[in-house]
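One structure below.
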Amino acid sequence: MIVTGYKINNYKSIGNENNYLFLDPNITALIGKNESGKSNILEAVAKLSFNKPLDSIYLANKNRGSNEEISVLVDMEFYKYELSKYNISQEKSRISFLDSSTINIEGGFAKLIKNDSLLTSLINKLIESKNNRKLWGNDTNRLKHISNYCNELVNISSQIFTNHNMKLNNLKKWIIKDYDNKEYVIKTIDNIISTLEHYYNLLPRIYYREKDRQLSARYKYDEIKNIINEPDHIFNRFLSVAKISESEIIGAFEASSLGEKKTIRNKIGEKIKENIEEQFNKFYKQEKILFEIDYDNMIFTICFSTGDKITDLSERSNGLRWYLSLFLDIRSHDYKNFPILFLLDEPGVHLHVNAQKKLLDLFKDLANNNNQILYTTHSPYMINNRDITNIRAIEKDSDGNTKIYKNAYNQRLSNDSKMETLSPLVNAIGSDLKFNIGPSSKCNIITEGISDYMYINAMLDYLEINDKPNIIPSAGVNNINRIVSILIGWGCDFKILLDYDKQGEAEYNVLVNKLDEELISKIYFVNCKTEPNEKEMKSFPKTIESLISENDYNNLAIPYDGTSETKMLSAKEFCSKLKMKEIDVEDNTISKFKNLFYKLGID
């Protein structure tokens, strides 16, 4: 399943307003000033488990300014392949963490479990047997646990059966040894376990990389003996992923004979190649990496062979080391068979600019396997300037409460924090912060392209309108949202002019549904309509050229005929002839432009 959003109530700096985090289906970036609460958001998500309720440590992190308790609501949808697999229709699912005792489920996921008639039948059989003392014996405490477990199973379609594996395996242990139908009961329980695991495995695992653990090139043997007792150490994760045992790593240095040492070292090399090298080369696609291990001077040295050259890890780029460390971290958690939500706090912050850019490619690769990535950043190089709809702006208000905005362009962002909050976004788009498009007191009208810009400016001059707005041509309709983000960041007033066609509708949906629904009041179409109509736009599309009468076009040497070849040429000619007063524009054309200017608030 795919997470669509988290509603985080009263966790640390997060209050009970502006506390919904919309997640992109693939990659979501959080930007904001230092201490705005970005890390608190990641932590609130990271410490959730779909297999256990909120614990006392989590609940102790209550927002100091709130009288309400901590709760988290997680919204999800099915992947398309899941809809096909289970022959179900899409319906939003919600998983609610409301206290320390239960995890509630509702919507599509709850319905999927409820409609499993075989699972329901198995559970009913188990519940019917809960008072059978021949099956369970007479131990009062045991019977109480059995009754509690069965009561939880009754609510299987409205609550997660937490720690189901442990509880159901306990039931198998508690069956009286000489019970006649023991094997049948065990089989019933095993089928319930496997079915619940199947459904619960649809829920994503959460991988939280709070710190950039970096694998070193060399480890002295004395260090390794201590590291073996530190499960979170990155070198220990290296050994774990390679399936190298403690006795093997010790034997590689302390075996009694040279032949035995070589045998163990060869075995270690084979394990690294089988369990790390092959998989890492699927993960890291910049070049093929071959691992070589050296043991000279009682030091375990990690080397790479590329072509005819062998270098140790310290001689390679920080980018490669970051990739390898992330790979080991992920694989050591054994997440390979589950959808994963990756949470990365300031990933690659110490990497070179080009290495940071390559991390975005890695994120794409990870997301292509039904995974999601949520990360924080201050770096413009960690933002994909081709798609800025996946950015969420975070700020802290005067009361110290973190606010989460659906996009980086929300007009409710405080003026004090806009510039610093949005600076990585603006830099990513390639704009200098010292540059400004028109003064903030002047209205800016964003058009789809240069031809719209030329027609509008030509008619503003022709109609002798003195208080002209600033017309900003976008390099194509798909880039309008980027210009919008900059103008909001600089506090500029603006309006958006779209063609009434398929492309205009698509950008309208991006602006309103992905960026900010409040932009509805700022969007206009060239035919003076303020809302799209899919049927009309398909059957009767209107562009800026639709405002020019047929006779006016006939006065041009190259009239616009609907093709891209004539679009720019006819616009240039029209503007030039109007400026030189070589044509008199028809009343029909004048009327249409006057109506449009009136709609746009131009006197």
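Start at 1 with the first residue, then count along the sequence. In this text the structure is predicted, and so the values were computed from the model without any measurement.
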So the salt bridge (charged side-chain N to carboxylate O under 4.0 Å, His left out) pairs with at least one residue in residues 64-73 (sequence neighbours excluded) are K62-E69
Using the side-chain hydrogen bond (donor to acceptor under 3.5 Å, both in side chains) rule, take D345 and T376 through it: C-alpha gap first, then chi angles, then the decisive distance, then the call.
CA-CA 5 Å; D345 202 0; T376 67; 2.6 Å; yes
Applied to residues 6-22, the salt bridge (charged side-chain N to carboxylate O under 4.0 Å, His left out) test, sequence neighbours excluded, yields K12-E43
Self-check item: Six-ring centre of F494, K522 cation under 6.0 angstrom, axis tolerance 45°
Solution: yes
Requested in this report: Report the C-alpha distance between Y86 and F78 in whole Å, list the side-chain angles of each, state the deciding distance to 0.1 Å, and finish with yes or no for ring-ring contact (aromatic ring centres under 6.0 Å, His included).
Outcome: CA-CA 10 Å; Y86 298 107; F78 291 104; 7.1 Å; no
- Message: Please determine whether side-chain hydrogen bond (donor to acceptor under 3.5 Å, both in side chains) holds for the pair S71 and N9, giving the CA-CA distance in whole Å, both sets of side-chain angles, and the decisive distance to 0.1 Å.
- Response: CA-CA 5 Å; S71 64; N9 295 299; 2.9 Å; yes
Residue set satisfying salt bridge (charged side-chain N to carboxylate O under 4.0 Å, His left out) with E287, at least two apart, ordered chain then number -> R316
Note: M382 and L360 closest approach over all heavy atoms is O-CD2, 3.5 Å
side-chain hydrogen bond (donor to acceptor under 3.5 Å, both in side chains), that's the test. Do H378 and N34 meet it? Break it down for me.
CA-CA 9 Å; H378 288 97; N34 284 327; 3.2 Å; yes
Geometric class of the F300/F253 ring pair [parallel <30°, tilted 30-60°, perpendicular >60°]: tilted
Between Y375 and F363, is the ring centre distance below 6.0 Å?
yes
Quiz prompt | Worked verdict on Y11 versus N19 for side-chain hydrogen bond (donor to acceptor under 3.5 Å, both in side chains) | solution = CA-CA 10 Å; Y11 184 85; N19 58 347; over 6 Å; no
Is a donor on one side and an acceptor on the other found under 3.5 Å between the side chain of S93 and the backbone of G107? no
